[in-house]
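All values reported here derive from a predicted model rather than from experimental measurement.
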Amino acid sequence: MHKYWGKKPANGLGALIEKYTNEGDIVLDPFSGYGVFCCEAFLRGRNVIANDLNPIANFISKNLISTSLSVPRVMSVWERIRVEFERFVEGWYCIVIDDVTYNPISVLRTKENVPIEFTYKDVGTKRNVVKKIPEKSAKEFLEFEQEHDIKDWFPTDTLIENSRISVSSQMKVCDLFTKRTLACHARLYSLILKYSEGEERDLLLLAFTANLANCSKLVPPIKSRGRLSQGAWMTGFYIGKTYIENNVLHYFENRLKKAIRGKTDFLSTMDESDLCKRIRPIYKITNEDAKKLSLPSRSVDYVFTDLPYGDSVPYFEQSAIWNSWLKFPVDYENEVVISDSRSRNKDIKGFESDVNLSISEICRVLKDGGYFSLTFHSLSGLEWKSVTNACILNNFILIEYSWLEQKTYPPRQLNRLKSIKGDVLVTFQKKISSKQPAVCDSDKLVLYVVDLIRKEIKSGASRTNEIMMSVMECVLRNMLIIGDVDVFRILSDNFVIDKYGKWYEK
């Protein structure tokens with residue numbers, strides 16, 4: 001239904017809920033993101049608190065869990081909007097070549113915004129056809145684009161400068177779009193506000209935000225797959241030498257269909273659930289700083305969360321493309337993140353402190369003897385060290401350690417051979433009586449980890465996932481408080497990886 005990062009597989013989460021909670025229990029996710037865990041818990045008769053400081057995350061969760069939405073009303077409202085919107089889109093997208101009028105689905109444009117070629121659906125064969133745009137037609141369109149003003153509101157928010165995600169100084173949200181797609185998005189947004197309300201409006205806006213990147217300058221062509229073959233929007237706001245500009249109406253309808261299918265599936269599951277009818281679970285969404293929750297102490301039966309990915313995904317900065325269109329205020333100051341932006345002062349030391357405060361809050365609100373599961377992925381051993389130390393210092397005892405495949409992967413996980421694929425899934429229990437952790441100095445830990453990795457490789461566990469899982473499980477089971485030691489660096493300094501992703505001793 002949406003392109004938010006780090007979506008988790010429902011089946012894996014369902015097993016956790018069944019194992020560690022009972023019907024009617026109160027469960028909390030303090031970094032709920034997309035809201036998959038909370039949705040699964042709700043459908044299993046648990047009372048749910050979904051919290052996230054990112055407003056777009058809460059908006060997605062709200063749409064995911066809403067129970068009184070009328071799908072027929074959404075479709076009826078959309079048909080009304082579509083009639084008016086289609087005429088507007090045709091005025092911007094139609095192209096005439098040799099007295100033949102075409103309605104492009106996708107247009108290949110240069111970084112200077114010059115249209116080169118486009119795809120359209122052939123009426124006879126019903127296939128997409130690629131056609132070049134003559135220089136004269138391209139010039140005429142550029143003149144049309146220059147002459148026409150955008151009369152509807154659109155966001156002009158300035159993005160946070162960050163070279164890591166390709167944001168230059170004074171770059172604005174509106175710079176991510178061509179004038180054509182900006183005009184069409186602005187008109188569609190105004191029509192949604194004009195003709196819809198309530199949960200129906202929310203679902204239309206969910207599809208609207210999910211479609212923004214699809215119809216921006218952020219869609220790269222994958223030349224090896226053929227002309228105008230589309231790549232996915234990557235982490236960051238990089239605009240290549242050429243990009244694919246998609247038809248806003250065509251692609252919005254596709255996103256809306258997916259949103260409607262998702263809601264239809266959820267609502268039918270609710271209708272068929274005798275458990276939900278009997279328990280009548282409650283769902284609450286909060287927009288609080290996870291380091292300072294307003295919940296009473298020892299009031300929650302179970303906590304699950306997917307901790308922020310350190311520097312892998314600067315969630316709030318990336319979410320500007322969505323939050324700005326919905327006019328959501330964003331609390332950047334209290335985000336738990338590592339950011340390369342010089343203006344934010346979000347480094348590994350701050351991340352370590354913030355993670356410790358967040359896990360301290362989880363300990364405070366969780367009932368004595370209650371269970372706490374977390375998933376986490378990071379390319380940096382220092383970030384994982386922040387998590388392990390915080391869990392140990394807050395008196396959480398390791399119960400279970402496994403691997404959880406993600407529904408979608410960040411690009412760095414997909415593209416890097418050394419990267420962990422998926423997330424570590426750890427379950428702890430909150431113990432009343434404290435156990436003294438062991439402090440391990442850096443030199444001793446390096447020798448210990450090298451020896452452990454050597455043994456793992458000899459036993460046949462030679463891939464990154466297997467090695468890292470073994471090392472981190474050992475740290476948690478032995479309650480080792482570790483210093484600034486990057487386990488990935490130890491691995492890279494003492495071992496080599498082949499083209500098949502297997503590690504060997506140097």
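Annotation: the span from L176 atom CG to C215 atom SG amounts to 13.0 Å, rounded to 0.5 Å. Between the CD atom in E161 and the OG atom in S166 there is a gap of 12.0 Å [rounded to 0.5 Å]. Considering NZ of K257 and CG of N254, their distance stands at 6.0 Å, rounded to 0.5 Å. For the atom pair CG (L69) and CZ (F266), the distance works out to 10.5 Å, reported to the nearest 0.5 Å. Distance CG/L491 to CE/M468: 7.0 Å, rounded to 0.5 Å. Taking CG from N54 and OG from S32, the interatomic distance works out to 9.5 Å, rounded to the nearest 0.5 Å.
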request  = I would like to know whether L476 and F428 meet side chain to side chain contact (heavy atoms under 4.5 Å, CB included); could you show each step before the answer?
outcome  = CA-CA 10 Å; L476 287 168; F428 300 93; 4.0 Å; yes

inquiry  = Using salt bridge (Lys or Arg N to Asp or Glu O under 4.0 Å), reason through D368 and K431 one step at a time and then give a plain yes or no.
reply    = CA-CA 7 Å; D368 294 338; K431 291 292 187 181; over 6 Å; no

task = Check the pair D451, K455 against salt bridge (Lys or Arg N to Asp or Glu O under 4.0 Å), reporting the backbone distance first and the verdict last.
result = CA-CA 6 Å; D451 186 57; K455 289 176 181 176; 3.3 Å; yes

Pair R298-V365, side chain to side chain contact (heavy atoms under 4.5 Å, CB included): steps then yes or no = CA-CA 4 Å; R298 294 183 292 280; V365 302; over 6 Å; no

inquiry  = Quick one, E352 with E383, criterion side chain to side chain contact (heavy atoms under 4.5 Å, CB included). Give me CA distance, side-chain angles, the key distance, then yes/no.
reply    = CA-CA 7 Å; E352 184 170 13; E383 293 165 34; over 6 Å; no

task = For the pair E361 and R364, evaluate salt bridge (Lys or Arg N to Asp or Glu O under 4.0 Å) and give the outcome as yes or no after the intermediate values.
result = CA-CA 5 Å; E361 272 297 88; R364 181 184 67 79; 2.7 Å; yes

request  = Start with the C-alpha distance between Y243 and V219, add both sets of side-chain angles, then the distance that settles side chain to side chain contact (heavy atoms under 4.5 Å, CB included), and finish with yes or no.
outcome  = CA-CA 6 Å; Y243 59 85; V219 182; 5.8 Å; no

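Nearest heavy atoms, I457 versus S462: CG1-CA, 4.4 Å. Listed here is the closest heavy atom pair of L218 and Y238: CD2-O, 3.6 Å. L425 approaches S373 most closely through the heavy-atom pair CD1-CB, 4.5 Å. Nearest approach of L204 to V74, heavy atoms of both residues: CD2-CG1, 4.3 Å. For the pair I348 and S386, the tightest heavy-atom approach, listed with the atom from each and the gap, is CD1-OG, 4.1 Å. In terms of heavy atoms, D175 sits closest to I239 at O-CD1, 4.1 Å.
For S106 and E245, the side-chain atoms include no donor-acceptor pair closer than 3.5 Å. Y4 and S319 are not linked by any side-chain donor-acceptor pair at a separation below 3.5 angstrom, with hydrogens and angles left out of the test. For the 3.5 Å distance criterion, the side chains of E400 and Y371 fail to qualify, holding no donor opposite an acceptor. Looking at E317 and S339, their side chains do bring a donor and an acceptor atom within 3.5 Å of each other.
Listed for the S216 side chain is a donor-acceptor partner under 3.5 Å among the backbone atoms of A213. Using modelled atom types, no side-chain atom of D52 and backbone atom of N58 make a donor-acceptor pair closer than 3.5 Å. Under the 3.5 Å distance criterion, the side-chain polar atoms of S470 are left unmatched by any main-chain donor or acceptor of I467. Side chain of S299 to backbone of L295: no donor-acceptor contact under 3.5 angstrom is found. A donor-acceptor pair under 3.5 Å is formed between the side chain of K506 and the backbone N or O of D493. Judged purely by atom type and a 3.5 angstrom limit, N63 has no side-chain atom pairing as donor or acceptor with the backbone of L206. The main-chain N or O of V496 is never found under 3.5 Å from a side-chain atom of W503 such that the two would form a donor-acceptor pair. Remark: the backbone N or O of A320 is paired with a side-chain donor or acceptor of S324 at under 3.5 angstrom. No donor-acceptor pair under 3.5 Å is formed between the side chain of N394 and the backbone N or O of F396. Listed for the N478 side chain is no donor-acceptor partner under 3.5 Å among the backbone atoms of L480.
The existence of a salt bridge linking K346 and D340 is excluded, since no basic side-chain nitrogen approaches an acidic carboxylate oxygen closer than 4.0 Å. With salt bridges taken as basic N to acidic carboxylate O contacts below 4.0 Å, one links D289 and K291.
Considering only heavy atoms from C-beta on, W384 comes within 4.5 Å of V424 through its side chain. Looking only at side-chain heavy atoms (C-beta outward), I397 and M479 come within less than 4.5 Å of each other. R164 has its side chain within reach of D311: a pair of non-hydrogen atoms, C-beta onward, lies under 4.5 Å apart. A 4.5 Å side-chain heavy-atom check between I362 and V300 finds every atom pair outside the cut-off.
Other residues, nucleotides and ligands contribute more than 12 heavy atoms inside 6.0 Å of the NZ atom of K277. Within a 6.0 Å sphere centred on CG of N345, heavy atoms belonging to other residues, nucleotides or ligands number 12 at most. Under a cut-off of 6.0 angstrom, the local environment of CZ in R278 is crowded, with over 12 non-hydrogen atoms contributed by other residues, nucleotides or ligands. Around atom NZ of K172, more than 12 heavy atoms belonging to other residues, nucleotides or ligands sit under 6.0 Å away.
Ring-centre distance between F208 and H185: below the 6.0 Å cut-off.
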Indicate every side-chain donor-acceptor pair of residues 34-51 with a distance under 3.5 Å to a residue at least two apart or in another chain.
unit_1, atom_1, unit_2, atom_2, d
Y34, OH, M1, N, 3.2
Y34, OH, H2, N, 3.4
E40, OE1, R44, NH1, 2.6
R44, NE, E18, OE2, 3.3
R44, NH1, E40, O, 3.4
R46, NE, T21, OG1, 2.8
R46, NE, N22, O, 3.3
R46, NH1, R44, O, 2.4
R46, NH2, T21, O, 3.0
R46, NH2, T21, OG1, 3.2
N47, OD1, I282, N, 2.8
N47, ND2, G24, O, 3.0
N51, OD1, T286, OG1, 2.8
N51, OD1, E288, N, 2.8
N51, ND2, P30, O, 2.9
N51, ND2, E288, O, 3.0

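Using cut-offs of 30° and 60° on the angle between ring planes, the pair F177 and W325 is perpendicular.
Partners of K367 under the salt bridge (Lys or Arg N to Asp or Glu O under 4.0 Å) rule, at least two apart in sequence or in another chain, are D301.
Checked options Y401, F376, F372; the residue passing with V426 is Y401 (criterion: side chain to side chain contact (heavy atoms under 4.5 Å, CB included)).
For residues 321-335, the pairs satisfying salt bridge (charged side-chain N to carboxylate O under 4.0 Å, His left out) are E335-R344, with sequence neighbours left out.
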